[in-house]
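Quick caveat: nothing in here was measured; it's all calculated off a predicted structure. Ligands are counted one by one from 1 in listed order, and the atoms in each one are counted from 1 as well.
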Amino acid sequence: MTSEIPKLFGTSGIRGKIGYDITLELAVDIGRAIASYAGGVGSKIVLGYDSRTSNVMMENAVTAGLLQCGCHVLKIGMAPTPLVGYATMKLKADTGVMITASHNPPEYNGIKLWNPDGMAYKQDQERTIEEIIYKKNFKTVSWENIGKVEEIKYVVSDYVTDIINQTNIKHGIKVVVDCANGAASYLSPLILRKVGCSVIAINSQPDGFFPGRLPEPSEKNLGELMEIVKSIGADIGIAHDGDADRMIAIDEKGFVADFDKLLALVCRESGGTVVTTVDASLCTDKCMDEVGGHVIRTKVGDVHVAEAIENNNAQFGGEPSGTWLHPNFCMCPDGILSALRVIELIQKYGPLSEQLDAIPNYPTIRDKVNCENSQKKLIMESVKAKLHIILEDVVDVNPIDGVRISMVDSSWVLIRPSGTESFIRITLEATTIGKAYMIRDQCKEFIEGLL
Ligand code: MG
């Protein structure tokens, strides 16, 4: 495939400002391209959207493109991303389309695509869609084969039933949930209540202006939630992003739960083989050691986590960002099921803050070495070939995303060229502060020696 074909997909679907990057013309073309790639006459495409002001406009444009190429559109309306992934699987559809810009501000929108098993489109599939759009290779059909639209209502109750059957929660855990006025505004509080939690829901009226808080669940946007959890004595606070494929937990003291430690707790409970990304903390490895489990590392991005889960038959996988996959349920990241998993832990082992405190802190260092863009490739090749000889007790060199070198005690260092600036970045975590400085110095010296 030629490289002049412009990239439309980023790390998580196509995303941009409505009317600028994301136009109606593009939305129609995306519909045509999906139908031309995954569809054909009579095939079924699930279509849902989040709470943005541009949602129905985008839905209609994508629908027009799909119908023109003979696909039947199964509309599920406003839905969190995990419901679109689930519905694609449950309804045996050929592709799922989620219209969302996830955690981006209100003026954004985008599109994310899902395979029949609920897994996100892989990079080669996205590239095929880009090529079809660029070359306008649309398989339009004649008047008698134009697709039909069906509104599917029952899939929501199937999702609620199936997700509840996945969980084991017995009694009144006190939960405050903040849905960011996003796509899970009805569903997440409903499911939490149905499993037996005592629920206070805030920002849980869908609203594309996001009047409660911005859809990014970062600490600066969660002040209200943290305050309420603490003041009413709740066991946990849950914050979703705009499309609820993610969740962030607040402990009973009102603090944001450390992302890496929370992930480590859930990995340990899952046991077996788990997947996480190259930048996740070694506390996951330590927790998995306790239960005789195994950690697989992938590139940053939930699609890569999903692929590694599939290839290694893993029980669980997640990124420290709070995007977690539960393959026994569906291959689409699910922030509602993730919340239920954390609630199960609280019920089983007690207060969340105590569980998190029991996980050790490891010294982390982030540093960088100046490096011109033109030199980055050569430097990274040397890092991959030789750095492990200099460092002590190396057990693994993983070149999947930069170069990640791990040592026998699970200390690790990740060397990555910055994508936007003239730096090589060094990120590391070690079992002692002395060891952290030693690894940092050895890496810096090695890279500077190459310049
Ligand atoms: Mg999201």
Side-chain angles (χ1 to χ4, degrees), residues 9-18 22 46-52 54-55 58 76 78-88 96-115 118-121 126 159 163 177-188 191 203-204 206-208 210 212-222 225 238-249 256 259 262-263 276-277 300-306 317-326 329-342:
F9 288 86
T11 47
S12 196
I14 298 173
R15 214 175 281 176
K17 281 190 181 169
I18 274 289
I22 306 290
V46 164
L47 182 56
Y49 52 74
D50 71 14
S51 65
R52 288 162 197 275
S54 50
N55 56 9
M58 288 285 290
I76 61 169
M78 190 179 299
T81 290
L83 176 54
V84 169
Y86 171 89
T88 307
V97 182
M98 177 66 187
I99 297 168
T100 180
S102 188
H103 60 269
N104 283 78
E107 64 273 26
Y108 284 73
N109 213 334
I111 285 175
K112 201 163 174 184
L113 304 177
W114 304 92
N115 277 300
M119 190 198 277
Y121 263 35
E126 293 179 341
Y159 174 76
I163 207 167
V177 61
D178 179 344
C179 299
N181 304 109
S185 289
Y186 299 135
L187 214 43
S188 188
I191 290 170
N203 304 321
S204 292
D207 188 327
F210 301 106
R213 69 161 167 92
L214 288 172
E216 165 89 74
S218 57
E219 189 162 346
K220 71 173 184 342
N221 292 333
L222 301 181
L225 174 64
I238 301 290
H240 292 297
D241 68 333
D243 64 328
D245 57 345
R246 270 207 279 162
M247 72 97 209
I248 301 300
V256 173
F259 294 178
L262 191 65
L263 179 65
T276 189
T277 48
V300 174
D302 63 86
V303 185
H304 302 298
V305 174
E319 298 190 275
S321 64
T323 313
W324 299 352
L325 283 97
H326 312 270
F329 182 63
C330 182
M331 289 301 285
C332 176
D334 191 321
I336 300 173
L337 184 50
S338 299
L340 296 173
R341 288 281 176 261
V342 178

Nearest to the Mg ion (ligand 1) - the N/O/S atom of D245, by atom name:
OD1
Please state the angle at the Mg ion (ligand 1) spanned by OD1 of D243 and OD2 of D241: what is it, rounded to 10 degrees?
90°
Using the ring of each side chain (for Trp, its six-membered ring), is Y159 parallel, tilted or perpendicular to Y86, with breaks at 30° and 60°?
perpendicular
Does any N, O or S atom of S102, backbone or side chain, fall under 2.8 Å from the Mg ion (ligand 1)?
yes
Against P80, only a single residue in T100, L187, D241 fulfils side-chain contact (heavy atoms from CB on, under 4.5 Å); can you say which?
L187
How long is the straight-line distance from CG of L83 back to OG1 of T88, given to the nearest 0.5 Å?
9.0 Å
Under 3.5 Å, is there a donor-acceptor pair between the N109 and S54 side chains?
yes
